[in-house]
Chemist: 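Below is one structure. I have some questions about it.
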Amino acid sequence: MKFREAILAHLRQPDYRPVNTAALGRALALPKRDQRQLDHEVRLLLSKGDLVFVKGQRIGLPAEDEPVTGRLQFRQGGSAFVIPDGKPGGP
């Protein structure tokens with residue numbers, strides 16, 4: 001199995017929690033000599049958008065939901081909420 005398939009299969013497990021590349025290598029039981037190749041594959045997957053950084057330098061899969069874009073409205077008490085942009089042709 002190639003690194004790419006092993007990485008994606010591991011991240012698709014239901015109990016996966018985002019980790020950094022070193023911890024990912026340990027979870028995949030890779031020898032230290034393969035860490036450089038793992039780092040390279042992770043960078044490629046990040047550049048393609050197949051992986052994303054979450055919680056700092058931890059690796060995860062992109063969210064299934066589309067990100068919300070809009071205006072952030074702050075209130076005097078310190079809370080805030082998002083006013084979503086309307087999409088053309090939408091309700």
Chemist: Donor-acceptor check, side chain of N20 to backbone of A23, threshold 3.5 angstrom: yes or no?
Modeler: yes
Chemist: Do you know the tightest heavy-atom contact between V82 and P84?
Modeler: O-CD, 3.3 Å
Chemist: Please round to the nearest 0.5 Å and tell me the distance separating atom CZ of R43 and atom NZ of K48.
Modeler: 14.0 Å
Chemist: Minimum heavy-atom separation for P62 to G49, with atom names?
Modeler: CG-O, 3.4 Å
Chemist: How long is the span from the CG atom in L38 to the CD atom in E41, to the nearest 0.5 Å?
Modeler: 8.5 Å
Chemist: Please test Q35 against L30 for side-chain contact (heavy atoms from CB on, under 4.5 Å), starting from the C-alpha separation and ending with a verdict.
Modeler: CA-CA 7 Å; Q35 186 67 35; L30 295 176; 5.7 Å; no
Chemist: Which atoms form the tightest heavy-atom contact between L46 and L51, and what is the distance?
Modeler: CD2-O, 3.4 Å
Chemist: Check whether more than 12 heavy atoms from other residues, nucleotides or ligands sit under 6.0 Å from atom NE2 of H40, and answer yes or no.
Modeler: no
Chemist: Can you tell if the side chain of F53 reaches within under 4.5 Å of the side chain of R58, non-hydrogen atoms only?
Modeler: no
Chemist: So which atom in F74 and which in A80 form the shortest heavy-atom distance, rounded to 0.1 Å?
Modeler: CD2-CB, 3.6 Å
Chemist: Please test Q73 against R71 for side chain to side chain donor-acceptor pair (under 3.5 Å), starting from the C-alpha separation and ending with a verdict.
Modeler: CA-CA 6 Å; Q73 180 73 42; R71 187 170 46 114; 3.3 Å; yes
Chemist: When rounded to the nearest 0.5 angstrom, what distance separates CG in D34 from CG in L28?
Modeler: 10.5 Å
Chemist: Given the rule that I, L, V, M, F, W and Y join up when any side-chain heavy atoms are under 4.5 Å apart, are V52 and L61 in one cluster?
Modeler: no
Chemist: When clusters are formed by joining ILVMFWY residues with side-chain heavy atoms under 4.5 Å apart, either directly or through shared neighbours, do I59 and L44 land in the same one?
Modeler: no
Chemist: If Ile, Leu, Val, Met, Phe, Trp and Tyr residues are connected whenever their side-chain heavy atoms lie under 4.5 Å apart, and connections chain through other members, are I7 and V54 in the same group?
Modeler: no
